[in-house]
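Here the structure is laid out as structure tokens; the discussion comes afterwards.
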Amino acid sequence: MKTSEIRQKFLDFFASKGHQVVASSSLVPGNDPTLLFTNAGMNQFKDVFLGFDKRPYKRATTSQKCVRAGGKHNDLENVGYTARHHTFFEMLGNFSFGDYFKRDAIHFAWEFLTSPAWLGLPKDKLMVTVYASDDEAFDIWAAEIGVPVERIVRIGDNKGAPYASDNFWQMGDTGPCGPCTEIFYDHGDHIWGGPPGSPEEDGDRFIEIWNCVFMQFNRDESGTMNPLPKPSVDTGMGLERISAVMQHVHANYEIDLFASLLRAAARETGVEFGMDIPSLKVIADHIRACSFLIADGVMPSNDGRGYVLRRIIRRAIRHGYKLGQKGLFFYRLVADLVAEMGDAFPELRARQTLIEDTLRQEEQRFAETLEHGMALLDEALAGGKTRLDGATLFKLYDTFGFPVDLTADICREREVEADVDGFEREMNAQRERARAASSFKMTGNVEYSGEDTVFHGYERTSIDAKVLALYKGSEPVQSLARGDEGIVVLDHSVFYAEGGGQAGDIGEISASAGIDALFDVVDTQKIQAAVFGHKGRLAQGALKVGDSVAATIDLHRRQASARNHSATHLLHAALRHVLGNHVAQKGSLVNAERTRFDFAHDEAVTAGQLAEIERMVNHVVAANYDVSATLMPYDDAIRSGAMALFGEKYGDEVRVLRMGDFSTELCGGTHVRRTGDIGLFKIVAESGVAAGVRRIEAVTGEGAIARIQAQDALLRQAAELLKAQQGDEVLARIQGLQDTVKSLDKELARLKGQLASHAGDSLAESAVEVSGIRVLAAEIDGADAGALRETLDKLKDKLQPCAVVLASRAGGKVSLVAGVSADATSRIKAGELVNSVAQQVGGKGGGRADMAQAGGTQPENLTQALAGVAAWVAARL
Ligand code: SER
């Protein structure tokens, strides 16, 4: 039975049992920053299990794309060396949301696996496990299904802590979880291994094929198991594993789906195919993970999800290298994958070019350092060393782009120990250096130890404060004099310090005690996490540490920044509505002038989509929703649906910014009070900034009005120039002009041709005869290359036997053509002739014996060069 048939049968079976067939969700979990990649079928239903989300159905079935690399469930290191580990795989699942529980779940699983109408597996090949204390499940298996008790194994907390068990499943450190019962298939006694729970359980004989989780708890950060509102069921079966069973092969890599990928890997690496080559399996596995990840919007990068992708790609490339393939090869496997899986997953086909381009670029980038890195590694291990030191691991990582697991992989092959702890030490030292360097940059080397700044800028625009520290340039000082540039640190401030993409506030700090002092603040930056540096110049008076001052922001600018920042949130939400949930923020910059928002999306946003996004944002602006900011624990925020940036560090308590029901994001920035304050939202540009990343720039409020007025003025001026009465006549006028230009062009070409042929007629008379051949060299004013050729043809006919060179000059350049009539080519070659002239005018050329062309850059030498043609011909005859 083919893999695709098994997938279909599974879905059909559960559909026949009242389950809704639901599509696989993206590999990038929507709104769940606790999860790196989708790693199980239940992920997309997490909130349904937790009772936060409701669906119109209580039973569902899916075939879910999963990646287990880099997160809690990480299989990367094992891939290629075991019979069934993958980075990417498909998980078949059936789910009950507070509907059926243990009994039905077990009966369904057994029926599907053993009934001849479905998979028809022999019952005596199956074993089951239950969580040690789960008598209910045990009894169902024994009494109702009839599994002999010696083939039901109880597994307790065998991983060293309460609930840490092979038979207690949890998605991550927090979230829904519960005891499970698993079904194992016995591949036969010719394979080493023992039943689950035995000392030999890690062998390959008894393989888990089905995991049925009884979701009962929500584990919180403190480790407490909170009962779920309704006990539910989450089952999972690896499609590749069950296919291996059904196809009577032992390893997943032997199933039909992998056959063509493995052969493609052999073809592209130039090795003879063999099932015993782990590197081929690595490559065949990794091309799936990489392609599916890119299709779902992940791009290689140096952190977060992007770095996991980069590690997988580099691991594949290194295995290709190991097989002797030093050139680019990995991206060529995409076409094979699309052929194999493109029907079941149309996103692969739709994004094939993006996937290929992305992989090829990564290969090119890594190819530059792979070879040198390998040489360094060989050198470090020379002389039979058994341990690779942390410093070399770090150098390979830092200078040659070798992810540490990649180097560890090589060490494992060579049976060398990799000093990963030493690597971590080097890594921490570098982080320290980077931190020192970045705080240096951020603060202009300002050293400060003292009180924090209390921020009041969300609710007020001015505040009385005390000067805690002063810097002239970056030197600590006790006072600033008029004209000094420096930094002021205050105990209280209303100035927003640059962060979260929003620029720092500007404004003024004034003191009235003693001499009036006025400090113009041109920027506000964090000196430390909660210490704000107000940068600027003392315009008036003098300022001392300890002075009482009033700090006031430039309200006009602040309001403009707030409008742009709030509009950015609306833009983000609208993008997800219009383009899809794969749109994730990749960067943003907000200041008083505009907002710039970068996001993951792999093609240009069309004019129609931009118009729709703009319309949607302005609709929310006009709806004038309340904008509220609430402080709450991080978990509650995520639960309430707030968008958080993956890989970003948030404190325990976060600020959740809501705009009606349209947008909820974690954000520390300053915002408008109601969406109506934004006034107007106008997109001004859309562009690509990197593979898979687009950028939208937009303006709001007065900026948007100014923009529209400027465009209006432009249109008016254009209408005036075109003598159009109204804006909408402009297009018709432009079209008319274009038509006129086109017909004039044609007319001009015709006239030039005529002119040239007339010129040709008169030129013929100036030909000179050299040993029976007529020689002509002349310049034709204003002729382009086409006209030169045309005239040349006519002259050749007229003068034969002949050798002709024609030239023209325009814009500092010379065009040349030379022709020799057929009856003279045995004696003179047009190519050589044109070259002899071209060389004298700083050019080069060539062509056939009867016709050749050239160009030059020294028109000043043309006349003389042409004058020499007759002599050149004479010398050849
Ligand atoms: N969530 C369980 C697993 O991933 C069953 O679907 O194994």
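Throughout, numbering of the chain's residues begins at 1 and tracks the sequence. Counting starts at 1 for both ligands and their atoms, in listed order. Worth saying up front: this structure is predicted, and the values here are computed from it rather than measured.
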Would a distance-only check, ignoring hydrogens and angles, find a side-chain to backbone donor-acceptor pair under 3.5 Å from T224 to D220? no

Give the protein residues with at least one non-hydrogen atom closer than 4.0 Å to an atom of ligand 1, ordered by chain and number. A40, M42, R68, M91, W169, N211, V213, D234, T235, G236

Under 3.5 Å, is there a donor-acceptor pair linking the side chains of R59 and N94? no

Could K586 and F599 be counted as a cation-pi pair, given that NZ or CZ must be under 6.0 Å from the ring centre and within 45° of the axis? no

Give a yes/no verdict on a cation-pi contact between R412 and Y81, requiring under 6.0 Å between NZ or CZ and the six-membered ring centre and an angle within 45° of the axis. yes

Is the F108 to F112 ring centre distance short of 6.0 Å? no

List the steps and the verdict of salt bridge (Lys or Arg N to Asp or Glu O under 4.0 Å) for E240 and R288. CA-CA 13 Å; E240 296 78 3; R288 297 210 307 161; 2.8 Å; yes

